[in-house]
Amino acid sequence: GSQGEPLYLDVCTSLQVEDRTGIFVAGGRYGLGSKDFTPRMVQAVLNNMQRRNNSDIQRPFTVGIHDDVTRLSLSMPGRTLVTLPE
């Protein structure tokens, strides 16, 4: 298996090449099976990344499907994120 998704690997490699240490990077999978990446999925990823301690952040993660094999799915927020301007 791969060490991560292509974008995650590109970001990690770029940081390492530029000697940018101490930057936390977490990767996950989204939009599986041609599903749309919805505002609720964005909110789930943001909720995950905003946890108080880095050790509590789930990584890797899956968003958009119920992953009953790897059990890496993030919980979706109960309410819909409003994305329209007021």
Side-chain angles (χ1 to χ4, degrees):
S2 173
Q3 295 295 315
E5 300 299 316
L7 180 59
Y8 172 80
L9 294 174
D10 287 347
V11 169
C12 290
T13 300
S14 296
L15 290 171
Q16 186 177 29
V17 165
E18 293 298 320
D19 200 27
R20 303 278 310 268
T21 60
I23 297 174
F24 178 81
V25 181
R29 292 184 176 167
Y30 60 90
L32 299 173
S34 300
K35 292 184 180 239
D36 290 334
F37 189 56
T38 67
R40 286 182 66 213
M41 293 177 199
V42 173
Q43 189 65 56
V45 172
L46 292 175
N47 290 346
N48 183 49
M49 297 300 293
Q50 292 174 339
R51 294 185 179 170
R52 194 170 298 270
N53 299 312
N54 282 353
S55 61
D56 294 333
I57 295 173
Q58 182 176 327
R59 60 180 192 235
F61 60 82
T62 301
V63 67
I65 63 166
H66 175 72
D67 188 350
D68 59 350
V69 175
T70 63
R71 305 196 188 280
L72 296 175
S73 297
L74 295 178
S75 349
M76 299 289 280
R79 62 185 175 91
T80 303
L81 183 67
V82 177
T83 59
L84 299 174
E86 293 182 18

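Predicted, not measured: the structure shown is a model, and the values here were computed from it.
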Specify the closest pair of heavy atoms between M49 and F24, including all atoms of both residues, with the distance to one decimal.
CE-CE2, 3.8 Å
Identify whether I57 and V42 are in the same connected component of the hydrophobic contact network (ILVMFWY, side-chain heavy atoms under 4.5 Å).
yes
How about E5: does its CD atom have over 12 heavy atoms from other parts shown lying under 6.0 Å from it?
yes
I'd like to know if the side chain of T62 reaches the main chain of R29, judged simply by a donor and an acceptor atom lying under 3.5 Å from each other, with no hydrogens or angles considered.
no
Treating R59 as the side-chain partner and G28 as the backbone partner, does any N or O pair qualify as donor plus acceptor under 3.5 Å?
no
Could you tell me the separation between the NE2 atom of H66 and the CZ atom of R71, rounded to the nearest 0.5 Å?
6.5 Å
Connected via hydrophobic side-chain network under 4.5 Å: L9 and L7
yes
Flag side-chain contact, heavy atom, 4.5 Å: Y30 against V45:
no
Identify which one of V25, D10, T21 satisfies the side-chain contact (heavy atoms from CB on, under 4.5 Å) criterion when paired with L15.
V25
Distance in Å, I65 CD1 paired with M41 CE, rounded so as to fall on 0.5 Å steps:
9.5 Å
Any idea which heavy atoms bring N48 and R51 closest together, and the distance?
O-CG, 3.3 Å
For L72 and P60, which heavy atoms make the closest approach, and how far apart are they?
CD2-O, 3.7 Å
Within the structure provided, determine whether V63 and M76 are in side-chain contact (heavy-atom separation under 4.5 Å).
yes
How long is the straight-line distance from CD of Q43 back to OG of S75, given to the nearest 0.5 Å?
12.0 Å
